[in-house]
Amino acid sequence: MKSTEVRSLEKYKAPGAASRELYERASRVMPGGNTRHSVALAPYPIYARSGSGCRITDVEGEERVDFLNNYTSLILGHAHPRVTEAVERRVALGTAFTMPTPEEVELAELIAGRVAYVEQIRFCNSGSEAVMLAIKAARAFTGRPKIAKFEGAYHGLYDYAEVSEGPTPDDWGDANAPASITEPGTPASVAQDVVVLPWNRPEACRKLIEQHKRDLAAVLVDPMPLGIGMIAPRPGFLELLREETARHGILLIADEVLNFRLDYHGAFHVCGITPDLATFGKIIGGGFPVGGVGGSRRAMSVFDHTGALKVHHGGTFNANPVTITAGLETMRQMTPEAFDRLNGLGEYVRNGLRRLFRDTGRPAQVCGAGSMFVAHLTAEELTDFRSLRGFSRTNPIYTGLCHKMLEYGFILSPRGVFGCLSTPMTEAELDAFVEALGRAFSELS
Ligand SMILES: Cc1ncc(COP(=O)(O)O)c(C=O)c1O
């Protein structure tokens, strides 16, 4: 089926529909019927059968263009032949050993060869683990207990990184000194060890860092945080964080789990800033579970069991050769030219969206960079997490929009106009996407 044809969602909603039956079974054995909240969709998710290139076929046999790419982790799209072939070869040779494999050395060399601020790296199984390890490393390196992170920024599941990742207005507190809000299930004491910073408020950040400088081990920052709607840092903002952390002996941790897809040399390379530690995940696993923490030899020395070991780092499946093989093959495909082409397509779709909103007189702003985009349906100034309130994340239009886009043959987040691209895409898919989004908006309004 072509992506321009309309697929009625009636089939998926009908009694006996394959996704419906799977969801009913799932709900009996998994709370909420899923094992990952990010796949939830009302009334229930569409189950995937297979993927190829930039398209996914669902269990009903419908094919759609995938603008989510497993939340940015599939930069080559689905089942890239070179990755599939390499993985098949590797699987046949055994999948897990209580021994290191040559592949992990190669991937470590590849990343250290591309990213100037990564002299050494260690692998783990998720971005959450990578962030946890970076925070532990910073604490061990500095001998200080606290970290600072930004209100609204998502960094995975570690208790300290989760603080204030999506607080409600009642909990916000002072705009220049946001409250530290823990998740239910996290001890309240965790809040005392997390300083919450306001995005794009340099003076407030300077003061908070100064105020906590004796206790702060690290400032954790994603240069284009999806949780803050990919609102770009103001000129000089990241530089200020680098200066203030360096002044007080605080480590700067770059969270590149998502944004490593911005550039061949890393996201902070684009910003011209050298962090002390950086976390990786998603694309470096080529479609398999992965994480990585890297940085300067000095900062990474806390993991060195041949020296003054400070942070123990085990993990049964760390650097498993299947993941690492897929990651290696993927990163090899992502040459500087491949990044340039993909980022050019990113600019193309962001411009297409801007044109659409302008031509239809719909107030909206398009954020994002590289191969990612977020469109916010407002003309109000966007500066930080708080400025997104009321139209982002919680806007009821997004579920309807997601359903309409599914009917038109596109997979988009049900939590906003957020998407990312993969290398099999061409301008044709992007034009069709923008056109379908225009139709979806006009039908919904
Ligand atoms: C910036 C950032 N950090 C950390 C994570 C956590 O990674 P994972 O889902 O692999 O645990 C994510 C996941 O989306 C992320 O976007």
Side-chain angles (χ1 to χ4, degrees), residues 34-40 67-75 121-138 147-166 183 194 197 199 218-233 238 241 252-263 266-268 270-271 275 277-295 315 317-320 323-324 326-327 330 367-374 385 393 413-416 418-420:
N34 68 55
T35 192
R36 177 185 179 200
H37 290 134
S38 46
V39 299
F67 276 79
L68 280 183
N69 289 299
N70 193 30
Y71 271 101
T72 74
S73 62
L74 296 165
I75 200 160
I121 187 166
R122 295 177 74 88
F123 297 108
C124 51
N125 297 294
S126 70
S128 297
E129 261 184 70
V131 168
M132 176 183 74
L133 286 164
I135 290 173
K136 288 186 180 200
I147 63 148
K149 54 110 29 186
F150 286 88
E151 187 177 45
Y154 180 69
H155 299 283
L157 299 179
Y158 184 42
D159 287 354
Y160 298 82
E162 276 185 331
V163 166
S164 293
E165 71 179 23
E183 293 293 303
V194 181
L197 301 174
W199 188 244
V219 171
L220 173 65
V221 61
D222 173 342
M224 201 177 58
L226 181 57
I228 312 183
M230 293 195 160
I231 298 171
L238 297 176
L241 297 179
L252 187 67
I253 303 175
D255 184 352
E256 301 204 9
V257 169
L258 189 142
N259 274 313
F260 189 49
R261 71 153 47 224
L262 275 179
D263 192 84
F268 268 66
V270 183
C271 312
L277 289 169
T279 58
F280 302 96
K282 301 204 190 246
I283 67 167
I284 70 159
F288 288 80
V290 77
V293 56
F317 288 104
N318 288 355
N320 90 78
T323 289
I324 299 294
T330 299
C367 294
S371 51
M372 292 167 284
F373 60 84
V374 185
F385 171 69
R393 287 191 191 197
S413 169
R415 278 171 287 277
F418 162 69
C420 72

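Numbering of ligands and ligand atoms starts at 1, following listing order.
Between N318 and N125 there is a side-chain heavy-atom pair separated by less than 4.5 Å. When side chains are defined from C-beta on, L68 counts as touching Y71, because their heavy atoms get closer than 4.5 Å. In this structure, N70 and K282 have side chains that are not in contact, with every pair of non-hydrogen atoms separated by 4.5 Å or more.
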Mind listing the side-chain donor-acceptor pairs of residues 130-137 below 3.5 Å, one per line with the distance, residues two or more places apart or on another chain?
none

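E129 meets the salt bridge (Lys or Arg N to Asp or Glu O under 4.0 Å) test with no other residue; sequence neighbours excluded. Residues passing the side chain to side chain donor-acceptor pair (under 3.5 Å) test with Y158, sequence neighbours excluded: R139.
Around ligand 1 you find S126, G127, S128, Y154, H155, G156, D222, D255, V257, L258, K282, each with a heavy-atom distance below 4.0 Å.
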